[in-house]
Amino acid sequence: MEMLQYFNFVNNLGLQKYKILAVALGSVFDWKDIIAYAIGIITVLWLENTT
């Protein structure tokens with residue numbers, strides 16, 4: 001989803017007029033989201049391997 005946001009797909013497909021859809025899909029790419037996803041994945045993998 002983040003890669004689609006990076007390429008501004010909401011505006012490219014003309015979906016910006018559908019506010020709820022634009023919010024649900026996201027329209028702004030942010031590296032902090034990628035970092036948050038990575039931290040979440042690492043945490044889950046760590047928890048699965050410690051039990």
Side-chain angles (χ1 to χ4, degrees):
M1 188 57 70
E2 291 296 319
M3 294 311 294
L4 293 174
Q5 291 172 356
Y6 179 76
F7 291 110
N8 203 13
F9 80 105
V10 171
N11 290 335
N12 290 338
L13 294 177
L15 300 175
Q16 67 273 11
K17 61 184 174 184
Y18 304 105
K19 298 296 182 189
I20 293 174
L21 183 60
V23 169
L25 295 175
S27 58
V28 178
F29 176 81
D30 193 350
W31 280 105
K32 289 181 267 185
D33 291 339
I34 302 295
I35 293 168
Y37 296 144
I39 291 170
I41 291 168
I42 291 168
T43 302
V44 168
L45 291 174
W46 177 71
L47 289 172
E48 286 184 351
N49 289 325
T50 58
T51 56

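Side chains included, hydrogens not; waters and symmetry mates left out as well; all remaining heavy atoms used. Remember, it's a predicted structure, so these values are computed and weren't measured experimentally.
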*Can you name the nearest heavy-atom pair linking Val10 to Gly26, along with the distance?*
CG2-O, 3.4 Å
*Decide if atom CG of Leu45 counts as having more than 12 heavy atoms of other residues, nucleotides or ligands within a radius under 6.0 Å.*
yes
*State the CG-OG distance between Leu21 and Ser27, to the nearest 0.5 angstrom.*
10.5 Å
Side chain to side chain, [X] and [Y], heavy atoms closer than 4.5 Å:
X: Asn8; Y: Phe29; answer: no
X: Val28; Y: Gln5; answer: no
X: Glu2; Y: Tyr37; answer: yes

*asked:* If hydrophobic clusters are built from ILVMFWY residues whose side chains come within less than 4.5 Å, do Leu47 and Ile41 share one?
replied: no
*Are Met1 and Leu15 grouped together when hydrophobic residues (ILVMFWY) are joined by side-chain heavy atoms under 4.5 angstrom apart?*
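Looking at the clustering, Leu15 is in the same group as Met1.
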*Would you please name every residue forming a side-chain contact (heavy atoms from CB on, under 4.5 Å) with Ile39, sequence neighbours left out?*
Ile35, Thr43
*Are Leu25 and Phe9 close enough, and set up right, to give a side-chain contact (heavy atoms from CB on, under 4.5 Å), and what steps lead you there?*
CA-CA 9 Å; Leu25 295 175; Phe9 80 105; 3.7 Å; yes
